[in-house]
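Accompanying notes for the structure given below.
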Amino acid sequence: MIIVPEHAIDGLLTEAECFGAVEQVFASMARRRAGNFPVVREAIGHADALYGFKSGFDRDSLALGLKAGGFWPGNAAKGLTNHQSTVFLFDADTGRCKAVVGGNLLTALRTAAACAISVRHLAREDARVLGMIGAGHQSAFQLRAALAQRPFDRVLAWNLHPGMFGRMEAVAREHGVPFEAVELDRLGAEADVIVTITSSFAAILKAAQVRPGTHVACMGTDTRGKQEVEAELLAAATVFTDEVAQSVSIGEAQHAVARGLLAADSIVEIGAVINGDHPGRISESEITVFDGTGVGLQDLAVAAVAVDRAVAKGLATEVDF
Ligand code: NAD
């Protein structure tokens, strides 16, 4: 069995490798070659922790396994990350455990890759202004991956809590792209692509603030009750997602579907666009929304690449198991 510890993940995979791995598994999901199993997420009644599993199997890549972990709110005081996860990969032919891989950084990378895939496939080709809503841990990863998809010449950002823009400013500077913190009205009026990555439980971005032709990637809503954009925005848009079952239950679309503003069967899996079975954006004035809920197969896909790279670079530990 191979062990790839958390500290070995940094710098192990390129952004392009993450993008490719997640794109492949989204395509397999849409062809029904890959499927996610029901998610388990429970309050364990200790340390205020939320603990669970996301798992699945991809018959194309033979990635089989699970990501286990969750949220331990007291970790920051101990100098640890509150979100903790570990990926376990199994041999699809024998069921033997193949690898244990640190999952914290991989989660950020696979989430950024999903957002970037939506920008690549759904944003207008002439998109030049990128709007970011949210400025937490994930935001810098999302920004870096999104910037690679179009020749953006400006980043506009908004966050509820002030003083959090440092990490995104650094990424924008790295890319030589001007960065400006703005009010939401201006962000919506000028951005061609908007990424939301917050822990909000109420709509931040209103439908009236988004202009025709915008691509909106909603990446923060991954739990029942969370919400980042007004349900009316989804009603006015063509809605794409990683997985429809998650989109309507824990994703951004849960609110529009519950209010009867959006039919669940009108939501398109982005894998269908990747496979060429759905045209994606069909007009310059269409609003596209990507509801990125985060599926277990994304974790398995990037973890499998991490194992290959760690073995190739001599960074993996092999143990008899
Ligand atoms: P974080 O705690 O580092 O940052 C939270 C962000 O949300 C900050 O910008 C904060 O200002 C903002 N925020 C907090 N409460 C808010 C409120 N009530 N209204 C508006 N904004 C608010 O978190 P993070 O690691 O950056 O993750 C952001 C979100 O993304 C989380 O909700 C997380 O669960 C989600 N997430 C989704 C996926 C996925 O695959 N879709 C993957 C990882 C994380």
Side-chain angles (χ1 to χ4, degrees), residues 18-19 21-22 25-26 29 36 39 41 49-52 54 56 67 69-76 80-85 87 103-118 131-146 157-169 171 181 183-184 187 194-206 216-230 240-243 245-254 270 289-303:
C18 290
F19 187 103
V22 175
V25 83
F26 282 167
M29 282 165 59
N36 295 286
V39 174
R41 196 163 164 87
L50 282 174
Y51 168 73
K54 282 188 167 183
K67 179 169 83 168
F71 187 70
W72 272 259
N75 273 7
L80 297 169
T81 309
N82 287 354
H83 290 275
Q84 288 292 332
S85 61
V87 180
N104 295 352
L105 179 54
L106 284 181
T107 298
L109 295 172
R110 63 75 145 151
T111 307
C115 174
I117 287 164
S118 85
M132 297 293 305
I133 296 178
H137 172 72
Q138 285 281 333
S139 64
F141 295 93
Q142 303 292 322
L143 175 58
R144 186 175 287 115
W158 179 91
N159 194 52
L160 180 68
H161 304 104
M164 290 180 66
F165 291 117
R167 57 189 124 207
M168 279 201 291
E169 277 173 325
V171 172
E183 289 308 315
L184 274 176
L187 188 149
I194 300 175
V195 176
T196 62
I197 183 73
T198 74
S199 311
S200 179
F201 278 82
I204 299 167
L205 188 67
K206 307 288 185 283
V216 184
C218 299
M219 303 305 300
T221 298
D222 56 359
T223 302
R224 191 174 298 281
K226 279 190 184 172
Q227 185 173 15
E228 298 189 291
V229 304
E230 216 174 31
F240 299 82
T241 189
D242 40 25
E243 188 192 83
Q246 284 203 175
S247 174
V248 302
S249 55
I250 60 169
E252 195 61 43
Q254 62 182 290
I270 191 138
V289 168
F290 176 63
D291 184 4
T293 65
V295 294
L297 281 167
Q298 281 170 258
D299 298 295
L300 306 188
V302 292

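What you see below is based on every heavy atom in this structure, not just the backbone, and it leaves out hydrogens, waters and symmetry mates. All residue numbers in this chain count up from 1 along the given sequence. Indexing begins at 1, ligand by ligand and atom by atom, following the structure's order.
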**Asked** Can you find an N or O of M219 that's nearer than 3.5 Å to an N or O of ligand 1?
**Response** yes

**Prompt:** So, N104 versus T81: side-chain donor-acceptor pair below 3.5 Å or not?
**Reply:** no

**Prompt:** Where's the contact between I204 and ligand 1, heavy-atom distance under 4.0 Å: side chain, backbone, both or neither?
**Reply:** side chain

**Prompt:** Ignoring hydrogens and geometry, is there a side-chain-to-backbone donor-acceptor pair from E228 to G220 under 3.5 Å?
**Reply:** yes

**Prompt:** D299 side chain to K67 main-chain N or O, any donor-acceptor pair under 3.5 Å?
**Reply:** no

**Message:** Distance check, rounded to the nearest 0.5 Å: Q142 atom CD versus R144 atom CZ?
**Reply:** 11.5 Å

**Request:** Answer with side chain, backbone, both or neither: which part of T111 has a heavy atom less than 4.0 angstrom from an atom of ligand 1?
**Result:** side chain

**Message:** Quick check: closest heavy atoms across G294 and Q246, and the distance to 0.1 Å?
**Reply:** O-NE2, 3.0 Å

**Which of the ligand 1 atoms, numbered from 1, are nearer than 4.0 Å to a heavy atom of D222** = 33 (C), 34 (O), 35 (C), 36 (N), 37 (C), 38 (C)

**Request:** Name the closest protein heavy atom to atom 4 (O) of ligand 1, giving the residue it belongs to and the distance to 0.1 Å.
**Result:** G136 CA, 3.3 Å

**Which of the ligand 1 atoms, numbered from 1, are nearer than 4.0 Å to a heavy atom of K226** = 31 (C), 32 (O), 33 (C), 34 (O)

**Item:** Name of the residue among L109, L106, T111 meeting side-chain contact (heavy atoms from CB on, under 4.5 Å) with C18
**Value:** L109

**Message:** Check this for me - ligand 1, F201, N or O atoms closer than 3.5 angstrom, yes or no?
**Reply:** no

**Asked** So which heavy atom in the protein is nearest atom 43 (C) of ligand 1, and how far is it from that ligand atom?
**Response** Q138 NE2, 3.5 Å

**Complete:** of all protein heavy atoms, closest to atom 29 (C) of ligand 1 is T198 O, 3.3 Å

**Prompt:** Among all protein non-hydrogen atoms, which one is nearest to atom 40 (O) of ligand 1, and what is the separation to 0.1 Å?
**Reply:** R110 NH1, 2.8 Å

**Asked** Identify the closest protein heavy atom to atom 30 (O) of ligand 1: which residue and atom is it, and at what distance?
**Response** I197 CD1, 3.4 Å

**Item:** Backbone of R110 reached by a side-chain donor or acceptor of Q298 within 3.5 Å
**Value:** yes

**Request:** May I ask you to check whether A135 has an N/O atom sitting below 3.5 Å from an N/O atom of ligand 1?
**Result:** yes

**Request:** Answer yes or no for Q298: is there a heavy-atom contact with ligand 1 below 4.0 Å?
**Result:** no

**Asked** Do any nitrogen or oxygen atoms of W158 come within less than 3.5 Å of a nitrogen or oxygen of ligand 1?
**Response** no

**Message:** As an exercise, identify every atom of ligand 1 less than 4.0 angstrom from a heavy atom of N159.
**Reply:** 8 (C), 9 (O), 10 (C), 11 (O)

**Request:** Could you tell me whether a side-chain N or O of N36 sits under 3.5 Å from a main-chain N or O of G56, the two making a donor and an acceptor?
**Result:** no

**Message:** Pairs of nitrogen or oxygen atoms closer than 3.5 Å, one from M164 and one from ligand 1: do any exist?
**Reply:** no

**Under 4.0 Å to a heavy atom of G134 - the qualifying atoms of ligand 1, by number** = 9 (O)

**Prompt:** Does an N or O from T221, backbone or side chain, lie closer than 3.5 Å to an N or O of ligand 1?
**Reply:** no

**Asked** Relative to each other, are the rings of H83 and F71 parallel, tilted or perpendicular (30° and 60° limits)?
**Response** tilted

**Fill in**
Closest non-hydrogen atoms of V87 and A303, given as atom of the first, atom of the second and distance, are CG1-CB, 3.6 Å

**Message:** Check this for me - ligand 1, H83, N or O atoms closer than 3.5 angstrom, yes or no?
**Reply:** no

**Item:** Nearest non-hydrogen partners of L187 and M132, listed with the distance
**Value:** CD1-O, 3.7 Å

**Message:** Students should be able to answer this: which protein heavy-atom is nearest to atom 31 (C) of ligand 1, and at what distance?
**Reply:** S199 OG, 3.5 Å

**Heavy-atom nearest neighbour in the protein, as seen from atom 11 (O) of ligand 1, with distance rounded to 0.1 Å** = H161 ND1, 2.7 Å

**Item:** Closest protein heavy atom (residue, atom, distance) for atom 17 (C) of ligand 1
**Value:** L160 CD2, 3.5 Å

**Message:** I'd like to check whether H137 has a polar contact with ligand 1, where a contact means an N/O of the residue lying under 3.5 Å from an N/O of the ligand.
**Reply:** yes

**Prompt:** What about T107: any of its N or O atoms under 3.5 Å from an N or O on ligand 1?
**Reply:** no

**Gap between atom OG1 of T196 and atom CD1 of I133 - 0.5 Å precision** = 6.5 Å

**Asked** Hey, what do you get for CG (D242) to SG (C115), rounding to the nearest 0.5 Å?
**Response** 11.5 Å

**Request:** Provide the closest heavy-atom pair for S247 versus D291 in the form atom of the first, atom of the second, distance.
**Result:** OG-OD2, 2.7 Å

